[in-house]
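Here is the structure we will look at, set down as structure tokens.
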Amino acid sequence: MADALRSLPITELARRIASRDLSSVELVGACLDRIARLDGALQSFVGLSESALETAGAADAEIARTGPRGPLHGIPIGIKDNYTTADLPTRAGTAVEALTFPRTDSHCVAKLRAAGAVILGKLRMHEFAWGTVTPPTRNPWDLARVPGGSSGGSGAAVAAGLCPAALGSDTGGSIRIPAALGGIVGLKPTYGRIGRSGIVPHSWSLDHAGPLTRTVADAALLLGTLAGPDPDDPAASTAPVPDYRAGLDAPVRGLRVAVIRNHFFDAIDADVAAAVEAAIGFFAGQGCAVRDVAVPSLRYGLGAIYAIELASSAAFHDRNLAQGHVAGFAADVRDLIEMGRFVTGPDYLRAEQARALIMAEMAAALDHADVIVTPTTPLTAWRTEEATVALAGRPESVLAASWRLTYPFNLTGLPTIALPCGFDRRGLPISLQIAARPFAEVRLLQVAHWYEQAHGWWQQVPPFAQEP
């Protein structure tokens, strides 16, 4: 049963649960069985809910009496370990025991429970949502390689079929990078579209909440559940929440596609370039108006996001710095937080000015386009011991390379989705990144779903996940 269900999207699982061809107890039990057999090597979960099967049984009883509350009723979901939960401890990836977090449900977790979802457990992350590697979690496409980060546990668990979907957070690419390296879908909605109260902060103006799923339709389903006002997050939007699934299959006619050539194609792996160019060719072949554009101010992007992110994280950890807790952090995280104290007021102001320029130029590109299409990452999953990679004939740190193409959409807050678009010569997933105007998730998801359904990439299963 566990392996028979591993590759089914939530849309199909929900249909079977609603028709009572499948019970939530069977589905949750199948996930727990796969976790018991596979996660010793994968290391994606840091804790499992002791009441998951009991919650599933209650869901089955309610569905038998009155029908499902909605498509997530009885569906097991994994939670990144920076979302607080009432029934499980939250560690935000840190081993510092003196730091504790509330035992209450974060806004997103509360919404999932209200929809009838079963919280399966907490997923591993890079400490305090820094970094793009998530040790010791491994990539199910090759256990010698990283799963990405900081939501690496979420990405690995979904890619390996340990859970149908998971929540992640994204400050510079932390949903989309694990999705890219794991061959799954990662959605970063418009800034403020999903409330973030109860998520341990990293950078207040850059943080986004969102799902990692097997398909675009599943991402639309999760977004519809999670989007909406959050009284405890001042940045959360009160804009009406549309039905993101209703128009997924509508034909996309007269689509205008912008391809940002500078920055996004400057230094990328040849296999990645070929796969993304093929995807762009698909849109052109379908009658879309494809045109190249430039966003010159992206040359300031790295300095801008580093100044904003470092200063924001140092501000959040101010008390931890004063009390000496930072000494217990991993070396890379400790260094970054301490560096944040050296970002001056003028530095921060210049970073925000650069951000405004980038936002204006992105908006101008979207004045004449419906979506922007780029690679998600310039490389595929790298080996765990690799610190640098050669791209365009020059060495670059894997940290700098891995988030180079994702962070612009955190600076701008634009809704962005990552989805598979092929494999490299080693059989590792390659990812396409699509962005749209603020709050244009309906169009974004339509375009991504259209591409996904025309290709079979999402149906591929990692070799590790095929083990009996």
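Nothing fancy with the numbering, it's 1 onward along the sequence. All values reported here derive from a predicted model rather than from experimental measurement.
- When all heavy atoms of Ser24 and Gly74 are compared, the closest pair comes out as OG-O, 2.8 Å.
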Practice task
Please test Leu38 against Phe464 for side-chain contact (heavy atoms from CB on, under 4.5 Å), starting from the C-alpha separation and ending with a verdict.
Solution key: CA-CA 8 Å; Leu38 300 179; Phe464 172 78; 3.8 Å; yes
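- Applying the 6.0 Å contact sphere to CZ of Phe101 captures more than 12 heavy atoms from other residues, nucleotides or ligands.
- Taking 4.5 Å as the limit, every side-chain heavy atom of Leu167 sits out of range of all side-chain heavy atoms of Ser154.
- Within the 6.0 Å centre-distance limit, the rings of His208 and Tyr191 are counted as a close aromatic pair.
- The backbone N or O of Thr344 sits less than 3.5 Å from a side-chain atom of Asp347, completing a donor-acceptor pair.
- A donor-acceptor pair is defined here as one N or O able to donate and one able to accept, closer than 3.5 Å; such a pair exists between the side chain of Tyr83 and the backbone of Gly168.
- Taking each heavy atom of Tyr348 and Ala307 in turn, the nearest pair found is CD1-O, 4.1 Å.
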Handout entry: Pair Arg124-Asp81, side-chain contact (heavy atoms from CB on, under 4.5 Å): steps then yes or no
Key = CA-CA 6 Å; Arg124 199 177 301 276; Asp81 194 30; over 6 Å; no
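- Under the side chain to side chain donor-acceptor pair (under 3.5 Å) rule, Arg176 has a single partner from Thr416, Asp170, Thr406, which is Asp170.
- With salt bridges taken as basic N to acidic carboxylate O contacts below 4.0 Å, one links Arg355 and Glu352.
- Salt-bridge check for Asp233 with Arg196: passed, with a basic side-chain N closer than 4.0 Å to an acidic carboxylate O.
- Proximity of Pro229 to Ser237: side-chain heavy atoms (C-beta onward) are nowhere separated by under 4.5 Å.
- For the pair Glu386 (side chain) and Arg383 (backbone), a donor-acceptor distance under 3.5 Å is present.
- Counted by atom type alone, Thr137 and Gln43 present zero donor-acceptor pairs between their side chains at under 3.5 Å.
- Note that CZ of Phe45 is 7.5 Å distant from SG of Cys31, once rounded to the nearest 0.5 Å.
- Ring centers of Phe316 and Trp204: at least 6.0 Å apart, outside the cut-off.
- The shortest heavy-atom contact between Ile10 and Pro164 is CG1-CB, 3.7 Å.
- For the pair Arg193 (side chain) and Phe439 (backbone), a donor-acceptor distance under 3.5 Å is absent.
- Taking 4.5 Å as the limit, some side-chain heavy atom of Arg214 sits within range of a side-chain heavy atom of Ser7.
- Separation of atoms CG (Leu187) and CG (Leu445) is listed at 6.0 Å; rounding is to 0.5 Å.
- For His107, there are no ring pair (Phe, Tyr, Trp, His ring centres under 6.0 Å) partners at least two apart in sequence or on another chain.
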Handout entry: Worked check of side-chain contact (heavy atoms from CB on, under 4.5 Å) between Ile417 and Glu441
Key = CA-CA 9 Å; Ile417 193 167; Glu441 282 88 355; over 6 Å; no
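- Ring-centre distance between Phe264 and Phe409: below the 6.0 Å cut-off.
- Of the possible polar contacts, one joining the Lys111 side chain to the Ala227 backbone as a donor-acceptor pair under 3.5 Å is found.
- Using a 3.5 Å distance cut-off with no hydrogens or angles, the side chains of Trp130 and Ser313 do pair a donor with an acceptor.
- The 12-atom threshold is exceeded at CD of Glu385, counting heavy atoms of other residues, nucleotides or ligands nearer than 6.0 Å.
- Checked by atom type and distance alone, the side chain of Asp218 pairs as donor or acceptor with a backbone atom of Thr11 at under 3.5 Å.
- For the pair Arg299 (side chain) and Pro296 (backbone), a donor-acceptor distance under 3.5 Å is present.
- Between Phe128 and Phe329, the ring planes lie tilted relative to each other; the angle falls in the 30° to 60° range.
- The closest side-chain heavy-atom distance from Ile268 to Val276 is not below 4.5 Å.
- Side chain of Thr134 to backbone of Gly148: a donor-acceptor contact under 3.5 angstrom is found.
- Residues Val46 and Leu123 have side chains not in contact (no heavy-atom distance under 4.5 Å, counting atoms from C-beta outward).
- In this structure, a donor-acceptor pair under 3.5 Å is present between the side chains of Ser197 and Asp230.
- Taken from CG in Leu206 to OG in Ser169, the straight-line distance is 12.0 Å, to the nearest 0.5 Å.
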Practice task
Verify side-chain hydrogen bond (donor to acceptor under 3.5 Å, both in side chains) between Ser203 and Glu309, making sure each step is shown before the conclusion.
Solution key: CA-CA 6 Å; Ser203 177; Glu309 188 174 4; over 6 Å; no
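- With rounding to the nearest 0.5 angstrom, the CG atom of Leu8 is 9.0 Å from the CG atom of Leu27.
- You'll find the side chain of Val398 stays beyond 4.5 Å of the side chain of Val146, heavy atoms only.
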Practice task
Determine, step by step, whether Val373 and Gln433 satisfy the side-chain contact (heavy atoms from CB on, under 4.5 Å) criterion, reporting the C-alpha distance in whole Å, the side-chain angles of both residues, the deciding distance to 0.1 Å, and the verdict.
Solution key: CA-CA 6 Å; Val373 172; Gln433 184 171 222; over 6 Å; no
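- Taking every heavy atom of both residues into account, Ile175 and Pro211 meet most closely at CG2-O, 3.8 Å.
- Considering all non-hydrogen atoms of both residues, Met362 and Pro408 come closest at CE-CB, 4.0 Å.
- Using modelled atom types, one finds no donor on one side chain facing an acceptor on the other under 3.5 Å when comparing Thr384 with Arg145.
- If you check the side chains of His202 and Asn82, you find no donor sitting under 3.5 Å from an acceptor.
- Distance OG1/Thr132 to CH2/Trp403: 9.5 Å, rounded to 0.5 Å.
- Proximity of a side-chain donor or acceptor of Arg34 to a complementary backbone N or O of Gly161 within less than 3.5 Å is detected.
- Ser151 and Lys80 share a donor-acceptor pair across their side chains, judged by distance under 3.5 Å alone.
- In this structure the side chain of Asn139 never reaches within 4.5 angstrom of the side chain of Asp142, judged on heavy atoms.
- No more than 12 heavy atoms of other residues, nucleotides or ligands lie within 6.0 Å of CD in Glu54, so this atom counts as exposed by the packing criterion.
- A pairwise comparison of heavy atoms in Pro378 and Ala267 identifies CB-O, 3.6 Å as the closest pair.
- A donor-acceptor contact shorter than 3.5 Å is absent between the side chain of Arg437 and the backbone of Ala363.
- Ion pair Arg113/Asp105 flagged as a salt bridge, since at least one NZ, NE, NH1 or NH2 atom sits closer than 4.0 Å to an Asp/Glu carboxylate oxygen.
- In this structure, the side chains of Arg404 and Leu302 stay at 4.5 Å or more apart for every pair of heavy atoms.
- Remark: Phe423 CZ to Leu428 CG distance equals 9.0 Å, nearest 0.5 Å.
- Remark: the Thr94 side chain and the Glu127 side chain contain an N/O donor-acceptor pair separated by less than 3.5 Å.
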